[in-house]
Amino acid sequence: MSAPEPSRLAYVPFVSVANMMRLMHRIGVTEMICGIATCIEEDFRRWELFDKIPRVASHSLEGVIELMPTSDGEVYGFKYVNGHPKNTRDGLQTVTAFGLLADVHTGYPVLLSEMTLLTALRTAATSALVAKYLAPQGADTMALIGNGAQSEFQALAMKALCGVTRLRLYDIDRAATAKVMRNLTDRGFDLIACDTAEAAVEGAQIITTCTADKQNATILTDNLVGAGVHINAIGGDCPGKTELHRDILSRADVFVEYPPQTRIEGEIQQMPDDFPVTEMWQVINGTAPGRRDAGQITLFDGVGFATEDFSALRYLRGKLHDTGLYDALDMIADPDDPRDLFGMVQRASGTTA
Ligand code: NAD
């Protein structure tokens with residue numbers, strides 16, 4: 001599989017993990033995060049155009065498998081994603097994903113891509129885009145609690161979009177923190193490894209929690225959250241899987257992507273159904289206030305929404321032509337006579353052996 005055949009509509013561009021990594025090297029991780037953040041921001045501004053439903057989740061004792069569909073009326077997209085916190089113990093990723101875009105007018109797929117890496121990029125882009133609107137002015141220090149697969153991407157995004165240059169790192173597994181220290185050497189950060197979450201939040205204007213544990217954990221207690229802080233809580237993203245003590249939610253102004261999904265999956269699952277939240281798309285298009293004053297605690301209860309994956313895939317699709325970093329995948333049966341599917345099989349006799 002290599003060169004695409006543009007004349008064959010049915011050949012679907014496919015971005016493999018290897019090609020995604022080539023793209024990340026060619027364009028640069030930070031530049032990709034910034035480009036995806038721009039697409040996410042554009043799509044939040046045209047929020048009302050999109051089909052929206054809470055993602056479709058299939059839960060098991062150990063994890064969850066989810067489908068995340070949306071459409072802007074021209075292009076349809078979905079992502080398949082899993083969340084299995086115990087996986088790392090067996091040498092597997094907690095989160096893996098792949099996704100697809102299709103032409104609404106024909107229903108034909110126009111892009112299939114790996115999305116494990118793309119999800120890390122889009123999650124970081126979303127976090128930093130939100131922080132750009134909500135974090136206190138001049139924030140340069142972030143506590144990064146949970147130093148797994150998402151963490152370096154979160155750090156790079158917060159540096160590029162918000163100016164964070166000091167990271168206070170904490171993970172229950174010291175090896176995870178050591179890995180982040182190694183990976184982010186020479187990336188322009190002042191890196192401080194901390195022994196507790198309490199130590200990590202000292203002097204931080206932004207607190208990111210991206211831990212993985214399939215339970216109602218308490219990564220942050222109320223006494224750890226000072227006035228004026230912005231919390232970027234992205235690890236609580238499933239029923240029964242949260243990171244913050246509920247007292248923090250009572251003191252903070254809570255911002256979400258899509259309330260019907262966040263009320264099921266986010267930190268606010270701990271609160272009554274009518275708990276007040278602000279939707280980020282409204283902050284971005286200027287119809288709802290973001291940060292009002294320096295003492296306010298802002299909390300992004302981020303669970304990841306389908307439009308963000310759509311935006312990331314849209315960004316990726318825009319890079320294919322110039323880079324050629326894709327394969328042409330023969331995944332749609334497309335006979336010359338559309339009603340002669342059977343004949344296509346017959347004519348292939350002897351050519352498919
Ligand atoms: P990961 O398993 O690679 O890393 C999680 C890290 O959290 C591990 O290093 C683990 O040791 C650490 N940890 C667990 N409990 C902790 C605790 N009590 N205190 C400090 N550290 C603790 O997972 P990942 O891929 O980095 O994902 C992190 C979380 O983010 C997961 O829960 C995942 O489901 C979630 N996630 C959310 C989004 C979103 O859009 N909101 C997107 C991707 C992943």
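Worth knowing before you read on, the calculation uses all heavy atoms, side chains too, and leaves out hydrogens, waters and symmetry mates. Every number for a ligand or one of its atoms is a count from 1 in the order of the listing.
Between D340 and R347 there is a salt bridge, since at least one side-chain N of the basic residue sits less than 4.0 Å from a carboxylate O of the acidic one. Taking a cutoff of 4.0 Å between a charged side-chain nitrogen and a carboxylate oxygen, D237 and K241 qualify as a salt bridge. Using a 4.0 Å cut-off between charged nitrogen and carboxylate oxygen, R246 and D222 do not count as a salt-bridge pair.
Of the heavy atoms in D237, only side-chain atoms (C-beta onward) come closer than 4.0 Å to ligand 1. Contacts between T211 and ligand 1 below 4.0 angstrom, taking non-hydrogen atoms only, involve backbone and side chain alike. With a 4.0 Å heavy-atom cut-off, ligand 1 is reached by the side chain of A176 but not by its N, CA, C or O. Only the side chain of K241 comes within contact range of ligand 1, with a heavy atom under 4.0 Å; no backbone atom does. Contacts between N87 and ligand 1, counted as non-hydrogen atom pairs separated by less than 4.0 Å, are absent for every part of the residue. Within the 4.0 Å heavy-atom criterion, the part of T123 lying near ligand 1 is the side chain and not the backbone. Residue contacts with ligand 1 for R122 involve side-chain atoms from C-beta outward but no N, CA, C or O (heavy atoms, distance under 4.0 Å).
Under 3.5 Å, the side chains of E41 and Y133 contain a donor-acceptor pair of N or O atoms. Side-chain atoms of N232 and S127 include a donor-acceptor pair closer than 3.5 Å.
G83 does not count as a contact of ligand 1, since none of its heavy atoms falls under 4.0 Å from the ligand.
Each of the atoms 29 (C), 30 (O), 32 (O), 35 (C) of ligand 1 lies under 4.0 Å from some heavy atom of G235.
Enclosure of atom CG in N223 by more than 12 non-hydrogen atoms of other residues, nucleotides or ligands within 6.0 angstrom is indicated. Counting heavy-atom neighbours within 6.0 Å of D273 CG, excluding the residue itself, gives a total of 12 or less.
Considering backbone and side-chain N/O of A149, one or more are found under 3.5 Å from N/O of ligand 1. Distances between N or O atoms of I234 and those of ligand 1 include at least one value under 3.5 Å. Of the polar atoms of T94, at least one N or O is found under 3.5 Å from an N or O of ligand 1, judged by distance alone. Checked by distance only, ligand 1 and T119 stay at 3.5 Å or farther apart across all their nitrogen or oxygen atoms. Residue contacts with ligand 1: Q150 is placed with a nitrogen or oxygen under 3.5 Å of a nitrogen or oxygen of the ligand (distance criterion only).
The CD1 atom of I248 lies 8.0 Å from the CG atom of L299; values are rounded to the nearest 0.5 Å.
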